[in-house]
Protein chains: 2
Amino acid sequence: MSHIKLLKNHTLKATPQRLCILDTLQECGHATLEDVQKIISKKFPTLSLSTIYRNLNEMLQKDIVSEVKIANKKDYFELKKDKHVHLVCQNCGKIEDFEIATDDISKQIEAQTGDKVLNDTLYFDVICKDCLSAK
Amino acid sequence: MSHIKLLKNHTLKATPQRLCILDTLQECGHATLEDVQKIISKKFPTLSLSTIYRNLNEMLQKDIVSEVKIANKKDYFELKKDKHVHLVCQNCGKIEDFEIATDDISKQIEAQTGDKVLNDTLYFDVICKDCLSAK
DNA sequence: TATTATTTGCAAAAAATTAGCAATTATGCT
DNA sequence: AGCATAATTGCTAATTTTTTGCAAATAATA
């Protein structure tokens, strides 16, 4: 879906500022606020910091964007996408997405706890293929 | 291990302030900085906020304490413990720990990506048993 | 119990985030 | 296309959160 449509579907006006933020997240995959700020300051130098804050917060609330929170790292933002797992390379820092079925593990939890599992968020610390082969 | 020993093993003096912070985390299981601050202000009213910050940071670095970062929630702290999964009740907010083997899923990732998996952090959104039965 | 290097508490600085408001702009309607 | 209007922006200032510097206090050691 185009970013313009995405915004309109959530009753947000399709301003150039918002489109720029969405484009940036799309390009980066995962970006910290600092990343977003730096990249945008080149593409769109007049876009103010408070606009970035305001819009990321709005988009989080409207579920257009989600937070990726990794221990010992700054928070990242990403465009909302299908359920996936994050692979965080401990060597180069890169974050890859990976799709994986987690039903088995959810069922196991339900069976053993009596809780109902609604959703999950998984992170794996890895050494990525590229870093492995570079050694 | 006693908290005193724990600190000494990491070349940290066993001050009453530090012991109070560790006790608080132990009692709470998972506590935000705000939680820690509130609870401590009762137990130990003269313990200053900067001491809390300084010590949590030190203990994170020394791996005595770890961060629990959940999307759309404040960061939590917990005493370092054996590998476990967090079950976050979407109704009451409670965080439970759960031990589960994740080897299968790690192997699957390794097979499909060529990455080497070192460790993992998993969160599950749940409705906990208590909230389920209260409905 | 005396010595010393650490640690604490306070106050002040720095960094991060949010709020208020006039000027601007995207959208929907003629 | 041009207008009206409500939403949005960019600015500056206010808050909130986190870190720092330093004198006084304290835990660990001999």
Side-chain angles (χ1 to χ4, degrees), chain A residues 1-24 31-62 64-65 67-77, chain B residues 1-25 31-62 64-77:
Chain A
M1 186 171 18
S2 79
H3 290 162
I4 294 182
K5 256 197 179 155
L6 181 66
L7 290 169
K8 294 199 175 164
N9 286 349
H10 289 85
T11 66
L12 292 172
K13 286 189 182 175
T15 64
Q17 289 87 342
R18 281 178 180 147
L19 292 169
C20 181
I21 293 171
L22 290 174
D23 290 348
T24 302
T32 63
L33 193 119
E34 213 184 335
D35 295 337
V36 172
Q37 205 191 153
K38 269 190 197 150
I39 293 168
I40 283 183
S41 74
K42 290 180 189 166
K43 292 203 238 183
F44 195 152
T46 63
L47 203 169
S48 79
L49 184 55
S50 58
T51 296
I52 297 176
Y53 272 108
R54 251 187 318 224
N55 282 299
L56 285 175
N57 284 336
E58 268 170 350
M59 291 174 184
L60 281 173
Q61 290 208 321
K62 304 229 171 187
I64 294 174
V65 160
E67 280 182 302
V68 179
K69 304 188 83 175
I70 300 174
N72 310 317
K73 291 198 142 204
K74 292 219 178 117
D75 296 348
Y76 289 81
F77 298 91
Chain B
M1 187 172 16
S2 80
H3 290 163
I4 293 181
K5 256 196 179 155
L6 180 67
L7 289 169
K8 295 199 175 164
N9 286 350
H10 290 85
T11 64
L12 292 173
K13 284 189 184 178
T15 64
Q17 289 87 339
R18 282 177 178 148
L19 292 169
C20 181
I21 291 171
L22 290 174
D23 289 349
T24 302
L25 290 181
T32 63
L33 192 121
E34 212 186 336
D35 294 338
V36 171
Q37 203 191 154
K38 270 191 195 148
I39 293 167
I40 284 183
S41 75
K42 290 179 188 166
K43 292 203 236 181
F44 195 150
T46 63
L47 202 170
S48 80
L49 184 55
S50 59
T51 297
I52 297 175
Y53 272 107
R54 251 185 319 224
N55 281 300
L56 285 175
N57 284 337
E58 267 169 352
M59 290 174 185
L60 282 173
Q61 290 208 320
K62 303 229 171 186
I64 294 175
V65 160
S66 43
E67 280 182 302
V68 179
K69 303 187 82 175
I70 300 174
N72 310 314
K73 292 197 143 205
K74 293 218 177 117
D75 295 348
Y76 289 80
F77 298 91

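Here the structure is a predicted model, which is why all the values come from computation and not from measurement. For the numbers below, each heavy atom of this structure counts, side chains included, while hydrogens, waters and symmetry mates do not. Chain identifiers are assigned alphabetically (A, B, ...) following the order of the sequence lines, protein sequences preceding nucleic acid strands; residue numbering begins at 1 within each chain.
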*NZ of B:Lys13 versus P of C:dT6: gap in Å, rounded?*
8 Å
*asked:* Without decimals, in angstroms, what is the distance between A:Lys74 NZ and C:dA15 C1'?
replied: 11 Å
_Of residues 41-58 of chain B, the positions that come close to DNA chain C - non-hydrogen atoms, cut-off under 4.0 Å_ = B:Thr46, B:Leu47, B:Ser48, B:Ser50, B:Thr51, B:Arg54, B:Asn55
*Within this structure, what is the CD-to-C1' distance between A:Gln17 and C:dA23, rounded to whole angstrom?*
13 Å
_Are the side chains of A:Phe77 and A:Glu67 in contact, using a 4.5 Å heavy-atom criterion?_
yes
*Just wondering, are more than 12 heavy atoms of other shown residues or ligands nearer than 6.0 Å to CD in A:Glu58?*
yes
*A:Leu19 side chain reached by A:Leu7 side chain, heavy atoms, under 4.5 Å*: yes
_Looking at B:Lys43, I'd like to know if its NZ atom is crowded, meaning that more than 12 non-hydrogen atoms belonging to other residues, nucleotides or ligands lie closer than 6.0 Å._
yes
*How would you label the contact of A:Lys8 with the nucleic acid (heavy atoms, under 4.0 Å): base, sugar-phosphate, or nothing?*
sugar-phosphate
*Hey, where on DNA chain D does chain A first and last touch, going 5' to 3'? Cut-off is any atom under 4.0 Å from a heavy atom.*
D:dA6 to D:dC11
*asked:* Nearest heavy atom decides the nucleotide; on that basis, is B:Leu33 or B:Ala14 closer to the 5' end of DNA chain D?
replied: B:Leu33
*Answer yes or no: is there an ion pair linking B:Asp35 with B:Lys74, defined by an N-O contact shorter than 4.0 Å?*
no
*Starting from C1' on C:dT24, measure out to CZ on A:Arg18 and report it in whole angstrom.*
14 Å
*Does one side chain, of B:Thr32 or B:Lys73, offer a donor that lies under 3.5 Å from an acceptor on the other?*
no
*Identify the residue among A:Asn9, A:Thr11, A:Asn57 that makes a side-chain hydrogen bond (donor to acceptor under 3.5 Å, both in side chains) with A:Lys62.*
A:Thr11
_Min side-chain heavy-atom separation A:Leu22-A:Ile64 under 4.5 Å_ = yes
